[in-house]
Amino acid sequence: MLLLSACLAGVPCRMDGHAKPVPALLSLAVRGEAVLVCPEVLGGLPIPRVPSERCPDGRVMNAAGEDVTAAFVLGAQRALEICRARGCDCAVLKAKSPSCGKGLIYDGSFTRTLTQGDGVFAALLQREGIRVLTEEEAVCALEQRRA
Ligand code: SF4
């Protein structure tokens, strides 16, 4: 079973109240082959919400200057519990998000500047031994499997 960022399966849980569906991943969810989680919503944050970015010191700040790290950590822990309970050993997470981003995230300056790093949830999953792919990596893997 695959763990999947809910917004990639069409759930309108992003900070702007929209989804970011990827058809191939949505199909997995429709077939019951993916478990959907949104760690930010699981952490108690609203939809829509003030944009947040992860800072170099690891904290997550929103554009209003509030430290929202605790909600991000709580949501990541709750999503990890779901991951464990459903037996997922691989996750496909939305790229560049302060929760779900893997390898590349916005740098905390709110200037659309990307830097190396992981979102809070992506980092937790990898520490726990769960394989994490971005949506682009997952779609490539699915296409290779079909070829
Ligand atoms: S926290 Fe993850 S699942 Fe939720 S909207 Fe952001 S990228 Fe999507």
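Since the structure is predicted, the reported quantities are computational estimates derived from the model, not experimental observations. Whatever order the structure lists ligands and atoms in, that order sets their numbers, starting from 1.
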Quick one: does Ser5's side chain have a donor or acceptor within less than 3.5 Å of a partner on Lys94's backbone? yes
Determine whether Val11 and Leu36 satisfy the following criterion, side-chain contact (heavy atoms from CB on, under 4.5 Å), listing intermediate values before the conclusion. CA-CA 9 Å; Val11 178; Leu36 309 184; 4.0 Å; yes
Quick one: does any side-chain atom of Glu143 pair with a main-chain N or O of Cys140 as donor and acceptor, under 3.5 Å? no
Report the part of Lys96 in contact with ligand 1, treating N, CA, C, O as backbone and CB onward as side chain, heavy atoms under 4.0 Å; options are side chain, backbone, both, neither. neither
Any chance CZ of Arg31 has more than 12 other-residue heavy atoms, nucleotides or ligands included, within less than 6.0 Å? yes
Under 3.5 Å donor-acceptor, Arg49 side chain and Pro46 backbone: yes
Separation of Ile130 CD1 from Asp89 CG (nearest 0.5 Å): 6.5 Å
Treat each ILVMFWY residue as a node, draw an edge where side-chain heavy atoms are under 4.5 Å apart, and state whether Met15 and Phe110 are in one component. no
Has His18 got any heavy atom lying under 4.0 angstrom from an atom of ligand 1? no
Check atom 2 (Fe) of ligand 1 and write out every protein N, O or S atom at under 2.8 Å, as residue and atom. Cys100 SG
A student checking ligand 1 against Arg49 at a 4.0 Å heavy-atom cut-off should list atoms 5 (S)
